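Quick caveat, the model's predicted, so the values are computed rather than measured.
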Amino acid sequence: MQIKVKCSCGEGKCPEWAIVELQGAVEAQPSFQNCVENLQIGILCRPSSEESYTFTVGYHELMGAKQSLKKPILVLKKVKVDDEGEVELDVIGVIRHKILFKTRPKALISRAQPVLKPKINAPASLLN
């Protein structure tokens with residue numbers, strides 16, 4: 001069986017995608033087990049003009065770096081051509097980089113913060 005691969009976005013104009021690689025596992029809370037599609041798991045940030053990234057998941061922050069892949073990876077979508085089951089693969093993106101988070105997460109909150117009472121400044125006339 002021959003499968004055709006085509007690109008409808010034009011030469012050199014495919015959207016750039018990236019892989020986010022984490023050490024360990026990201027587990028959803030039991031209340032979200034059956035509805036993880038489109039679930040936001042964290043916030044990915046890149047400080048301007050740097051190759052380092054931060055990924056915040058709940059109360060944990062991970063530090064990572066961008067790395068080039070040795071060989072690019074195509075992101076494909078399966079498209080049925082006819083009723084006989086013939087299939088084509090359409091290129092919808094190219095992955096040339098990955099963002100690797102290989103260190104342990106840093107806890108953003110380690111203990112409860114103490115409640116501070118605001119200072120009240122006395123008028124100067126009372127101090128004399």
Student: Going through the checks in order, is the side-chain contact (heavy atoms from CB on, under 4.5 Å) test met by Gln23 and Leu100?
Tutor: CA-CA 9 Å; Gln23 304 301 316; Leu100 177 61; 3.7 Å; yes
Student: Can you list the residues that meet the side-chain hydrogen bond (donor to acceptor under 3.5 Å, both in side chains) rule with Glu16, with sequence neighbours excluded?
Tutor: Arg96
Student: Applying side chain to side chain contact (heavy atoms under 4.5 Å, CB included), name anything that partners Pro30, two or more places apart in sequence or on another chain.
Tutor: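 If we apply the side chain to side chain contact (heavy atoms under 4.5 Å, CB included) test to Pro30, skipping adjacent residues, there are no hits.
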Student: By side chain to side chain contact (heavy atoms under 4.5 Å, CB included), which residues pair with Lys77, not counting sequence neighbours?
Tutor: Ile92
Student: Kindly give the heavy-atom pair with the smallest separation between Val91 and Cys14, and that separation in Å.
Tutor: CG1-SG, 3.9 Å
Student: Minimum heavy-atom separation for Ala107 and His60, please, with both atom names.
Tutor: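 That would be CA-ND1, 4.3 Å.
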Student: At what distance, to the nearest 0.5 angstrom, does OH of Tyr53 lie from CD1 of Ile99?
Tutor: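 That separation rounds to 4.5 Å.
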Student: Show every salt bridge (Lys or Arg N to Asp or Glu O under 4.0 Å) that has at least one partner inside residues 61-75, sequence neighbours left out.
Tutor: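 Checked against salt bridge (Lys or Arg N to Asp or Glu O under 4.0 Å) - neighbours excluded - the pairs reaching residues 61-75 are Glu61-Lys106.
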Student: Quick one: are Val79 and Val87 in side-chain contact, heavy atoms under 4.5 Å?
Tutor: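 They are not in contact (no side-chain heavy atoms under 4.5 Å apart), so the answer is no.
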Student: Just to verify, what does Leu89 make a side chain to side chain contact (heavy atoms under 4.5 Å, CB included) with, not counting sequence neighbours?
Tutor: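 Leu89: side chain to side chain contact (heavy atoms under 4.5 Å, CB included) contacts with Ile3, Val5, Leu76, Lys78.
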Student: Are His97 and Leu69 packed together at the side-chain level, in the sense that at least one heavy-atom pair is separated by less than 4.5 angstrom?
Tutor: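 Heavy-atom side-chain distance check fails, nothing below 4.5 Å.
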Student: State which residues pass ring pair (Phe, Tyr, Trp, His ring centres under 6.0 Å) with Phe55; sequence neighbours excluded, sorted by chain then number.
Tutor: Phe101
Student: Just verifying a value: how many Å separate Ile43 CD1 and Thr56 OG1, rounded to the nearest 0.5 Å?
Tutor: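 OG1 of Thr56 is found 6.0 Å from CD1 of Ile43.
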Student: Measure across Thr103 and Met63 and return the closest heavy-atom pair with its distance rounded to 0.1 Å.
Tutor: OG1-O, 3.6 Å
Student: If you measure from SG on Cys7 to CG on Leu74, what distance do you get to the nearest 0.5 Å?
Tutor: 8.5 Å
Student: Between atom CD of Gln67 and atom NZ of Lys98, what is the distance when rounded to the nearest 0.5 Å?
Tutor: 5.5 Å
